[in-house]
Amino acid sequence: MTKKSFRIIQIMAYEMLNAVGRLYEPFSILLRIDMSCIFLKIFFIFVFQNEPLLTWYKSEWLFVECYLYRLIYGAFHQQKHLSKYDYFGEQKRDSFKEHLRHIEESAKFTLEASTSNDGIHDVVEALVKSSLWGNQSDLSVSGGDASTVKHSLLEAARARDSYILQNDVEKTIREIILPLKERPTSHHRIDIILDNAGVELSMDLFLADFLVHAGLANNVILHGKKFPWFVSDVTSVDFEWTLQQMENDEGDLKKFHERFQEKLKSGKIAYTSHDFWTYPHAFCDMKEAAPDLYEELAKSNLLIFKGDLNYRKLVGDRYWPWDYSFEKSLCGFLPTSLLTLRTLKAETVSGLSAEAVERMKREFGEDTKWLTSGDFAVAQLVKV
Ligand SMILES: O=P(O)(O)OC[C@@]1(O)O[C@H](CO)[C@@H](O)[C@@H]1O
């Protein structure tokens, strides 16, 4: 080993220890880092005033989780060389590699569907459902085990409808997505608020690409996170890495990459991120805490919110009665029509039909594991 590389390792090791040591300085770092937003400050002060001796077990789950991820980010962000280091990066990359077979299968499907005479409706349906079931993979739930998508995504798209407890996919396609094609003169935009990297992101890219390819949207905007979040959430680095992997492929993924890249270059598909996505706020606070984002989202024809965490923030992570109106549980958040695609991993849900609630009670009795197992899903639409 040369003297120079030894020195680099020494510095990295020092910074790593420093960063980990920082994690034992609760709250102080967080309050120094990235606190430019006045609403974030007010939020923290409010929480601390109510509960000065706040601990993991005493606070709200959503808040302490967000706090934890910001704390880790803050500790690394303060280091000179490790400030951009993604401590979850390797796990996210593994999730892509271990699901490569599913990903290649869906790339092939997307390419073939684009040239065949199959109805656009059926293709969009398969891609939306693949994107939904892609959310079964979640490293923050599996403790880093990458192989958590239990079924081929396309197979799931066809065969797992009975696991979607509230299924508005058909309604969304019929009432929002397909009519966009019939209005070629106006500008159509669909936004996807991304969740996990790896297999889920890949499914989202296939969907985004096809929406533009089929003339259903002039623009698809993908929203990611600004820093590592809930282990597997997509950052710009994950987005670039995924495209790079596709480009390096020999077969259908490479072909898919070419046409996706063209759409990126022409601006038809764009990747963006906003600080708000890594705040602890429920989305009903967005209008006040991030009015610029709210206004931007309002320009879209449809917002597709991916995953469990986005769902929790949509409904404020509250214990709603399961059959309570989903629209009302948004507490006023509705910049434009929205569809949520989420497998259930946390104990909050609303908008289920009386039949679905009855069925879960019949099948599971008092046991509420169906709310957290990731086996069941919801696809819920609210139209403006
Ligand atoms: O948003 P995702 O990836 O679908 O799920 C994230 C999530 O399940 O992971 C956490 C477990 O720690 C939960 O807080 C959260 O809801």
Side-chain angles (χ1 to χ4, degrees), residues 56-57 59-73 86-89 91-92 94-96 99 128-150 153 156 163-165 192-204 207 222-235 238-239 242 273 276-283 303-320 329 338-350 368-380:
W56 178 269
Y57 295 105
S59 184
E60 290 167 21
W61 186 37
L62 182 58
F63 171 77
V64 287
E65 278 189 297
C66 293
Y67 169 73
L68 170 78
Y69 289 104
R70 293 190 79 93
L71 180 71
I72 302 173
Y73 171 68
D86 184 350
Y87 22 86
F88 302 129
Q91 287 156 282
K92 289 187 266 190
D94 285 349
S95 160
F96 180 91
H99 290 103
V128 169
K129 289 182 183 168
S130 300
S131 163
L132 165 62
W133 288 111
N135 180 246
Q136 252 186 356
S137 101
D138 181 357
L139 299 166
S140 73
V141 166
S142 67
D145 168 16
S147 28
T148 48
V149 170
K150 296 167 187 154
L153 277 310
Y163 288 83
I164 306 178
L165 297 178
I192 305 180
I193 296 77
L194 299 170
D195 186 12
N196 299 310
V199 63
E200 182 171 358
L201 173 63
S202 306
M203 298 305 138
D204 299 337
L207 173 62
L222 305 166
H223 300 259
K225 306 292 188 304
K226 282 207 169 163
F227 56 83
W229 192 243
F230 280 69
V231 185
S232 35
D233 285 23
V234 179
T235 63
D238 302 322
F239 179 70
T242 304
S273 57
F276 183 82
W277 303 122
T278 43
Y279 288 179
H281 300 54
F283 292 158
L303 308 175
I304 301 180
F305 283 93
K306 295 295 317 287
D308 201 59
L309 179 62
N310 278 327
Y311 190 92
R312 290 171 61 196
K313 289 183 165 189
L314 279 169
V315 301
D317 214 24
R318 296 194 169 99
Y319 282 117
W320 299 105
S329 56
L338 65 86
L339 172 73
T340 170
L341 299 177
R342 169 239 187 174
T343 59
L344 275 65
K345 303 171 195 164
E347 285 163 327
T348 181
V349 73
S350 64
T368 52
K369 71 167 180 249
W370 60 274
L371 281 168
T372 55
S373 62
D375 288 334
F376 292 90
V378 285
Q380 290 167 293

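Sequential numbering from 1 along the given sequence is applied to the chain's residues. Every number for a ligand or one of its atoms is a count from 1 in the order of the listing.
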Item to check | Heavy-atom closest contact (Leu201 atom, Thr242 atom, distance) | outcome: CD2-OG1, 3.5 Å
Item to check | ligand 1 versus Asp308: contacting region, heavy-atom distance under 4.0 Å | outcome: both
Checklist entry - In terms of atom number and element, which parts of ligand 1 are under 4.0 angstrom from non-hydrogen atoms of Asp195? => result 1 (O), 2 (P), 3 (O), 4 (O)
Item to check | Those residues that, when tested against Trp320, pass ring-ring contact (aromatic ring centres under 6.0 Å, His included) (two or more places apart) | outcome: Tyr324
Next on the checklist: Under a 4.0 angstrom heavy-atom cut-off, which atoms of ligand 1 come close to Asn196?
Outcome noted: 3 (O)
Checklist entry - Below 4.0 Å from any atom of ligand 1, is there a heavy atom belonging to Trp61? => result yes
Checklist entry - Which ligand 1 atoms does Phe230 reach within 4.0 Å, using its non-hydrogen atoms? => result 14 (O)
Checklist entry - Near Lys345, which atoms of ligand 1 are under 4.0 Å from a heavy atom of that residue? => result 2 (P), 3 (O), 4 (O), 5 (O), 8 (O)
Checklist entry - Looking at Asn135, which atoms of ligand 1 are within less than 4.0 Å of one of its heavy atoms? => result 4 (O)
Item to check | Min side-chain heavy-atom separation Glu65-Trp229 under 4.5 Å | outcome: no
Next on the checklist: So Val349 and Tyr311, do their side chains get closer than 4.5 Å, heavy atoms only?
Outcome noted: yes
Checklist outcome for this item: Within the 4.0 Å heavy-atom cut-off, what Leu309 brings close to ligand 1 is both
Item to check | Polar contact flag, side-chain donor to acceptor under 3.5 angstrom, Thr343-Asn135 | outcome: yes
Item to check | ring-ring contact (aromatic ring centres under 6.0 Å, His included) involving Phe239 - partner list, sequence neighbours excluded | outcome: Tyr271
Checklist entry - Is the distance between the ring centroids of Trp277 and Phe283 less than 6.0 Å? => result yes
Checklist entry - Applying a 4.0 Å heavy-atom criterion (strictly less than), which segment of Glu65 is in contact with ligand 1: side chain, backbone, both, or neither? => result side chain
